[in-house]
Structures are given as C-alpha cells and as structure tokens.
Amino acid sequence: MIIKLRDDITQVQKDQLIDQINSIGYKITAVKTQIGEYLIGIGKADFDIRRFGHFHGIKDIHIVSDDYKLVSKKWKVKPTSVDLGDGVYIKDGDMAIMAGPCSIESEDQIRKVIDHLKAAEIKIMRGGVFKPRSSPYAFRGLGLDGLKLWHELAKEAGIKIVTEVMQVSQIEEMYDFVDIYQVGARNTQNFNLLDELGRVDKAVMIKRGISGTIEELLQSAEYVFSGGNEKLILCERGIRTYERASRNTLDLNAVPILKAKSHLPVVVDPSHGIGIREFVPQMALAGVMAGADGIIYEAHEIPEKAYSDGQQTLNFAQSALLADQIRQTFALRKSFSLL
Ligand code: PEP
Ligand code: MN
C-alpha cells in the first residue's frame, strides 16, 4: 500500500497511523522526496482501505500489489514531468531530443557538437566523461576536468547535460556540472549507486540493464524514488539476446509496457539499441511511434574518428535530419488518438 501524507501531518498523527498499519501486520517504510512524503506498507493481509481513510494527515491511500510501488501508475496516474529548468522538460506529451558523442574527447569537439545542437534546436547534450568500457585498454573518458569544461561551454550555450555516473563517489563531485545523471546499463542494479542517487535533488535517467527485465528496470527506479528522488527517467537501450546481427536487441515492446505500468517518462536509445549507424534513424522513429517521450542518440562531427562507438554514431548532417524527422514523427503520432 502507498499512503501519501498531507504536508501538515503532525508527528503524533504519523505515529498513530504507523501503529495502526503495523497492527494489521504490514511493515512500513517512510519515504520523503523533494515533492512529498509517503508511507509504503508491505504485507500480505487483506484489509479494508476505509479503515485508514479517515485518519488525519492522509492525502491518498492506494493498494499497489506490484513489487515496485512509487513508480507504479496504479498509484499515480498523472505522468511525471522532469523539469530541467529554462523551459526544458522530459515529460509525457512532449518529445525530448538528446544527442552528442559517446565520449567527450576535447574542447574542440565539445564546441563543434554544441554548435550543431544549437543549429538543430536540440537542447540536451549527451556524452560520457567516465566511460564503462568492455576492455580496460579502451579510452575511458576525460573525467571530472572534462565535465567541468563541458559544463562551462554548455551553460553558455543554454544546453543541458546528461552524462553517466559510474560510482557513488562521483555523485557529489559531478553535482554542479550535470542536469541528468545517467545510470548506465552495466550499473542498473548497482543498488548502492541507486540508493545514493535517491538522496540527490537532480534528475536521474536509468538505462535498462543489458540482460535486465522491464520489471527489474522499474525496481531500480523504485530504489531511487524510495531514496527520496522523484526526478526519474527510464531508458530502453536494447538488451542482450541470442541475436548477433545487431549489437543489442532494441526492445520497443518495453516502451508501451513501461508507459502503461509507470508514470515515469520513457526515452529510447537507438544507437546502443541496434549499434549500426545506418539503421539508427529508423529505430529512433520507431521508438517515437512506440510512444517514447524522448530519444537519445550518438552524434559526432566525424564518427569514423570518434574515440568510442563510432560505428553507431551519426554525423551532424544525419543528426540534423533525424532531429527533424523525430519532430515530424512525433507530430504524426499525436494525430493518432490511439497513441
Ligand atoms: C552510453 O550511453 O554511452 C552507454 C555506455 O550506454 P549503455 O550504458 O546503455 O551501454
Ligand atoms: Mn556509447
């Protein structure tokens, strides 16, 4: 069960309520986020919801039988809108475009990408400064200094930053320089990292684990929400299957399913999803039609020279064209009442 508390609830009222819920054999976890305060009751006994409804200090009470609760749509029907400031949102009914290189490489590269994004009216730049690489000998990113430089240039241009955080110790040092913390596919179930991101008042985008189920992605988001952070975005980036013709299998089924199960915005990453440059645009557009609230893809001035993931990276002309097509496709989707 989820109980949303009123802002004016007193400690005495809260204690009485907790005692009552404990008395039916439910264990309570208290959650306080930037937006509200909740009691999550976990238990098996059937009970009549009206037994609690009259308590002072309760705003809403809901039965949510899913293992994930706070991210469930059963509790909160209204979609979550993630506000990045300056009129930039990631939310249902909108189409966020995030583009940029796999890795941040140099000042020159950052400047060129920013110029491209501005020309294409893309407001969020992606890029990695801490890179999770399958080989320890591959380029592992410019680190915090790279992020600081990037932030300075992006801020000047009015562009928001989404970048991966790999470990707990990086959260604080990155805080002033990011708009969205990205949790990578290799870290989706790093529960220490998720716990700590729950304590941060900044947006978090969680990528689906390489072999992760939809349910597991939602549980990972539940970690962050129950830790106190409601500013969450889910990202489908392809899963590992038996298929070897593409880098991953972009599971577009996950998009309508996640949107039906959760109130959180859903973003699709076609670059990692298929891993083949020439097929990234069609998978991006398919993601839009599947109901995504945003698309994140890799773009670089000269993809062949990119330090990482060049094989799935668009050049600026391809990226500008795709951004346009994403907007057109989104307009088309909105014209279909079913979607
Ligand atoms: C990335 O976005 O560059 C990345 C490493 O993604 P993922 O965690 O999905 O592999
Ligand atoms: Mn990449």
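Everything numeric in this text was worked out from a predicted model, so none of it was measured. In each ligand, atom 1 is the first atom listed, and ligand 1 is the first ligand listed.
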Item to check | the Mn ion (ligand 2) to Glu298: nearest N/O/S atom name | outcome: OE2

Next on the checklist: To make sure I understand the geometry: which N, O or S atom in Asp309 is closest to the Mn ion (ligand 2)?
Outcome noted: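 The atom in question is OD2.
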
For [atom], find the nearest protein heavy atom and state the residue, atom name and distance (0.1 Å precision).
atom: atom 8 (O) of ligand 1; answer: Ala185 N, 2.7 Å
atom: atom 5 (C) of ligand 1; answer: Glu164 OE1, 3.8 Å
atom: atom 2 (O) of ligand 1; answer: Arg126 NH1, 2.8 Å
atom: atom 4 (C) of ligand 1; answer: His272 NE2, 3.5 Å
atom: atom 6 (O) of ligand 1; answer: Lys207 NZ, 3.0 Å
atom: atom 9 (O) of ligand 1; answer: Arg237 NE, 2.6 Å

Name the atoms and distances for all side-chain donor-acceptor pairs under 3.5 Å in residues 49-59, with sequence neighbours left out.
residue, atom, partner, partner atom, Å
Arg50, NE, Asp48, OD1, 3.1
Arg50, NE, Asp48, OD2, 3.3
Arg50, NH2, Asp48, OD2, 2.9
His54, ND1, Arg51, O, 3.4

Next on the checklist: Are Ile295 and Leu232 linked, directly or through intermediate hydrophobic residues, by side-chain heavy-atom contacts shorter than 4.5 Å (ILVMFWY only)?
Outcome noted: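 Leu232 and Ile295: one cluster.
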
Donor-acceptor contact present, side-chain [X] to main-chain [Y], <3.5 Å:
X: Glu121; Y: Ala323; answer: no
X: Asn187; Y: Met166; answer: yes
X: Asp179; Y: Val162; answer: no

Next on the checklist: To the closest 0.5 Å, what do you measure between CD (Gln219) and CZ (Phe191)?
Outcome noted: 8.0 Å

Checklist entry - Under 3.5 Å, N or O to N or O, is Lys131 touching ligand 1 that way? => result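 Yes: some nitrogen or oxygen of Lys131 is under 3.5 Å from one in ligand 1.
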
Checklist entry - What atoms of ligand 1 come within less than 4.0 Å of a heavy atom belonging to Cys102? => result 3 (O)

Checklist entry - Can a non-hydrogen atom of Glu298 be found less than 4.0 Å from any atom of ligand 1? => result yes

Checklist entry - Looking at ligand 1, does Gly128 have a heavy atom less than 4.0 Å from it? => result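 So Gly128 does not count as touching ligand 1.
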
Next on the checklist: Is it true that Thr188 and Ser220 share a donor-acceptor pair across their side chains at a distance under 3.5 Å?
Outcome noted: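 Their side chains do not contain a donor-acceptor pair, so the 3.5 Å distance test is not met.
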
Next on the checklist: Is it the case that atom CZ in Arg240 sees more than 12 heavy atoms from other parts of the structure closer than 6.0 Å?
Outcome noted: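 No, the 6.0 Å shell around CZ holds no more than 12 heavy atoms from other groups.
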
